[in-house]
Amino acid sequence: MLKLQAILGIFVFWGFCWLVSNDRKNINYKQVIIGIGLQFFIAIFVTNFSWIQVAFNYLNHGILAICEATKHGTSFVFGYLGGGEVPFTVEKGNESKLFILALQSLPMVMVMSAITSVLFYWQIIPAITKFLSKILEKTLGIGGALGLSSASTVFFGTDVAALLIKPHLKHMSRSELFTLMSCGMATVASSIMVLYTQILEPIFHSQGIALGHIIIASFINVPSALVVALIMMPQVGKTTGGHLVMVDKPHSTMDAITRGVGDGLNMLLNITSMLIVLTALVYLINNCLSSINLFGEVITLQKIFGFIFAPVAWLMGIPYAEISIAGSLMGIKIVLNEIFAYQQLIIDMASLSPHTQLIMVYALCGFANFTSVGIIIGALGILIPERRSEVVNLSLKAIASGALANCITGAIIGLLS
């Protein structure tokens, strides 16, 4: 029954994309079918080979090394507040109270940003990006500029992915620009993946396995977002060619580390401030809603989200008894962000089956939220100021396409798991 739900959901999600398409006559169905096949190929390939689990084990060792290295750095600067040795006796059961998110987990964003910057300088990430872009160009027939930028979103946010093809941005068609934004909304940056693995460890009992699922989700989400975007806004006419642009390339490995730390610091401050403000706003809204009593239950923002997105959760192959909680998680992710949603998933995991937990890990893995709109508008507005109004007009539709791509990925996992 759950697999039938997921199959129905996949067709409903694609059908909705077709329904809101701005040019149904020019949808390239061959392109769409190939993109759908690519999604299933990636999903089936990574879920049916035992050596993938071996790779996850290696990833686990790498993640543990990064966590331990970050802990050494934070404990050196912040002492026991950063995870160092506690200078007093802690009562049994109160160990978790010593955990401080901003001083122990979030600094990993800076470490990963520095590592990513170095890998980019050493030409490792560009080589992988070029390889992925060629696959997308050959299979889906998209232009070089869109192929490079969409492949780059597996590692970076839309802002960096757009920067890598800066000279080509102004020449991209409206469809290509929208598709780039959609890919950015549907994926997550590598610099923040490690943070997700720490949050999700209780589900998988291993950060390496958690990271493996996050990486797989990002890889599936690229063709998923491309298919959704190309249905909603088909490409008409000639595509935009492109090549990778090394903008302001670092002069050395140390320069790459320094720049990566700077970018990571900005990201850390942004995440910290957003978590503080959004947590406060949710509390205020729930406080205002607490006076409303419906059917004997106090109304909260989470319950409203659960009601609105419950049908979406059901269409991903989630049992009826769990769709309210799953729908709430989807709402939190879209209105707030995926970090809040993953944290709430851990709180609610006792009420969800392993099947539902796995689907939600994939469905929540994307930047499709209102916070990301400001980042995309700000970044693209600077890179192509002459098209800023166009970016603003496309932003809300890009949230919808990114979220739909994540839901389709969740449904595919629901079908295969």
Side-chain angles (χ1 to χ4, degrees), residues 17 20-23 26 129 133 142-189 191-192 221-222 225-226 228-248 259 262-263 266-267 269-271 273-274 277-278 334-338 366-405:
C17 295
V20 299
S21 174
N22 69 333
D23 190 3
N26 283 305
T129 301
S133 69
I142 59 179
L146 180 57
L148 281 168
S149 55
S150 56
S152 299
T153 58
V154 175
F155 305 100
F156 310 107
T158 306
D159 49 352
V160 178
L163 189 63
L164 296 177
I165 56 162
K166 183 180 178 181
H168 310 290
L169 279 174
K170 60 183 177 182
H171 303 296
M172 293 179 80
S173 68
R174 184 178 175 86
S175 171
E176 289 176 320
L177 184 61
F178 172 68
T179 304
L180 167 60
M181 294 170 65
S182 299
C183 285
M185 288 288 188
T187 54
V188 294
S191 55
I192 202 171
N221 282 336
V222 171
L226 287 170
V228 169
L230 291 171
I231 293 175
M232 293 175 70
M233 196 171 293
Q235 169 65 21
V236 178
K238 190 177 180 181
T239 58
T240 307
H243 59 277
L244 196 66
V245 180
M246 303 296 285
V247 182
D248 193 19
R259 296 187 189 196
D263 293 339
N266 290 333
M267 195 181 300
L269 292 174
N270 182 61
I271 293 171
S273 57
M274 288 303 299
V277 172
L278 292 176
I334 293 171
V335 177
L336 301 176
N337 63 40
E338 72 288 348
F367 284 151
N369 58 65
F370 291 105
T371 305
S372 297
V373 169
I375 297 172
I376 289 179
I377 292 174
L380 292 179
I382 292 172
L383 294 173
I384 41 173
E386 68 275 16
R387 301 185 69 177
R388 188 179 186 280
S389 60
E390 190 176 359
V391 172
V392 173
N393 291 334
L394 292 173
S395 58
L396 292 181
K397 198 169 185 178
I399 291 180
S401 62
L404 280 166

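This chain uses plain numbering: 1 for the first residue, then up along the sequence. Quick caveat, the model's predicted, so the values are computed rather than measured.
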4.5 Å side-chain heavy-atom contact, Cys183 and Ser149: no

Between atom CG of Leu180 and atom CD1 of Ile376, what is the distance when rounded to the nearest 0.5 Å? 8.0 Å

Student check: side-chain heavy atoms of Val391 and Met181 closer than 4.5 Å: yes

Start with the C-alpha gap between Lys170 and Glu386, add the side-chain angles, then the distance that decides, and say whether salt bridge (charged side-chain N to carboxylate O under 4.0 Å, His left out) holds. CA-CA 8 Å; Lys170 60 183 177 182; Glu386 68 275 16; 5.9 Å; no

Side chain proximity check, Met185 to Ser401, heavy atoms < 4.5 angstrom: no

Do Thr187 side-chain atoms and Thr153 backbone N/O form a donor-acceptor pair below 3.5 Å? yes

Distance (rounded to the nearest 0.5 Å) between Arg174 CZ and Asn22 CG: 7.5 Å

Between atom NE2 of His171 and atom CD of Glu176, what is the distance when rounded to the nearest 0.5 Å? 11.5 Å

Is it the case that atom CZ in Arg388 sees more than 12 heavy atoms from other parts of the structure closer than 6.0 Å? no

Answer whether the closest heavy-atom distance between the side chains of Leu336 and Asn369 falls below 4.5 Å. no

Taken to the nearest 0.5 Å, the spacing of Ser182 OG from Met233 CE works out to 8.0 Å

Identify the heavy atoms of Pro234 and Asp23 that sit nearest to each other, and give their distance. CG-O, 3.2 Å

Is there a side-chain contact between Val188 and Phe367, using heavy atoms and a 4.5 Å cut-off? yes

Find out whether Leu396 and Ile399 are in side-chain contact, i.e. whether some heavy atom of one side chain is under 4.5 Å from a heavy atom of the other. yes

Where do Ala405 and Asn221 come nearest, in terms of heavy atoms and distance? O-OD1, 3.8 Å

In this structure, CG of Leu169 is separated from CD1 of Ile384 (nearest 0.5 Å) by 5.0 Å

Straight-line distance of Ile142 CD1 to Leu148 CG, nearest 0.5 Å: 9.0 Å

